[in-house]
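Just below is one structure, and these are the notes that go with it.
Within every chain, numbering begins at 1; the chains are lettered A, B, ... in the order of the sequence lines, protein sequences first and strands thereafter. If you're wondering where the values come from, they're calculated on a predicted model, not measured in any experiment.
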2 protein chains.
Amino acid sequence: MARSRNTEKKIFDAATELFLEKGVDRTSVREIANKAEINLALMNYYFRSKENLFDTIFSSLVKKNSEELIRILNSDLELFEKIEQYVEVYIEMLSENPLLVSFVMAILHRSRERITEMKAISSLYATDQFTKQLLDEAKKGNIRRTDPTHFFVDMLSLIAFPFAIKMLVMDKNNFSEAEFQEFIDERKKRVPKLLLDSLRPCK
Amino acid sequence: MARSRNTEKKIFDAATELFLEKGVDRTSVREIANKAEINLALMNYYFRSKENLFDTIFSSLVKKNSEELIRILNSDLELFEKIEQYVEVYIEMLSENPLLVSFVMAILHRSRERITEMKAISSLYATDQFTKQLLDEAKKGNIRRTDPTHFFVDMLSLIAFPFAIKMLVMDKNNFSEAEFQEFIDERKKRVPKLLLDSLRPCK
DNA sequence: AAAACGTTTTAAACGTCGTTTAAAACGAAA
DNA sequence: TTTCGTTTTAAACGACGTTTAAAACGTTTT
């Protein structure tokens, strides 16, 4: 009984690491079993199938990493401050899990047809509260009118995409790991500035 | 002889379609052989391995689709006009090949270690000419000073990422295919405006 | 026209993949 | 100590990417 929980966790942890590193389809069950030091058939015993193990891990990863972000979106912070904080926390989170973006991208393509069922995924998107805030501030004349759908996609793109093309950026600029990290850190200031400038009614 | 070229092309075309649609790792060689109506072993005869077939297809796709973009970056168009044209042509190109972004993303993760060898991939990035133009215009005071590396990553992100999260955007906004296409079309105007506003020295 | 040649195609087999199976080993309750 | 449900094991299944040797084909040569 204590043994079983332990086994389940060993499988979960080993698979998580391998899935993030090599991708689901390039990780074999025998590899997971080796890393977790368990018998091959135990993966199916505890998780029914590799696909179901993947779903479990994916939901867990998304949930763990998106909770704070949703909390920020739904907070009653002033709009500009909220955007600044959201971007910074998001980039910081991805810095600590640099493989997460590629992983999610791969899943969005790989499991395209199943997206609607994967409820975890919706926590990656804008909340109604944030959308409403954008519309309200525009109505009050505090910011330029902007399509919330576009604005949120802009924000997500500027935050996440650089991680997806990390290797391309490193290769073309001859960045070391540390230099790439520095580049990413710079974006914590740059991206909010770009977004807020586009909202400011100055012009 | 005529037969052989034909066979090679049939394999290439069938595999291209399947790789884009299902991803490399979820496409079996037997599936390719069926679709191309050729014997299983001919894939290895003409392309040595599935991995090599994939490399060939990837290079061909990237080359075919990036040539015009590079031509624009290296043209002597005025900076703002160049950015407008680059964004519009890029988005239009991705609209016609909506699976390309996910495919390239998957490859950037899947073949991370081989990126440097895959020379085709460098054509996805900024040219020296464009970088120089950004620096020159800033020096002349025509635009705000900006880090060309960041600026190009911003631009790429705003162009490409929405295609990568297509299913997420469609799901959350209840978009039909046509509505998503409309959303993308709007970005042809929106993205250049956002980028140019961030460069204008108005403030 | 037949023989000889290199090119192209074929069917069968290899080891590895995800998954299933039936039985063995185990731990707690009787 | 026996019983019983839970956990683990080894072996096997069909499908995967790849290799092989031989068959079929089209050209060139005699």
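- Closest to the side chain of B:Ala41, out of C:dT19, C:dC17, D:dT20, is D:dT20.
- Separating the NZ atom of A:Lys50 from the P atom of C:dG18 is a distance of 4 Å, rounded to the nearest angstrom.
- A parallel orientation is assigned to the rings of A:Tyr86 and A:Phe130, their planes being inclined by less than 30° (bins at 30° and 60°).
- In this entry the distance linking OH of A:Tyr46 with C1' of C:dG18 reads 19 Å, nearest Å.
- Across the protein-nucleic acid pair, B:Asn39 atom CG and D:dT20 atom P stand 16 Å apart, rounded to whole Å.
- Nearest-nucleotide assignment on DNA chain C puts the 5′-proximal partner with B:Arg30, out of B:Arg30 and A:Asn44.
- Figure legend: B:Arg110 and B:Phe54 shown as a cation-pi pair, the cationic atom lying under 6.0 angstrom from the six-membered ring centre and within 45 degrees of its axis.
- Rounded to an integer number of Å, the gap from CG of B:Leu40 to P of C:dA12 is 13 Å.
- Atom-to-atom, CG of B:Asp25 to P of C:dC17 comes out at 14 Å; the value is rounded to the nearest Å.
- Between the C1' atom of D:dT18 and the CZ atom of B:Phe47 lies a distance of 16 Å, rounded to the nearest Å.
- Checked by atom type, the side-chain pair A:Tyr125/B:Asn173 shows a donor-acceptor distance below 3.5 Å.
- Judged as a side-chain hydrogen bond (donor to acceptor under 3.5 Å, both in side chains), the pairs with a partner in residues 154-171 of chain B (not counting sequence neighbours) are, in order, A:Thr116-B:Asp171, A:Arg187-B:Asp154, A:Arg190-B:Asp154, B:Lys166-B:Glu177.
- Regarding A:Leu42, its CG atom lies at a distance of 15 Å from the C1' atom of D:dA11, rounded to whole Å.
- Considering only side-chain N and O atoms, B:Thr7 lies under 4.0 angstrom from the phosphate OP1 or OP2 of C:dT9.
- Here C:dG18 presents its C1' atom at 14 Å from CG of A:Asn52, a figure rounded to the nearest Å.
- In terms of phosphate contacts, A:Tyr45 brings no side-chain nitrogen or oxygen within less than 4.0 Å of OP1 or OP2 of C:dT20.
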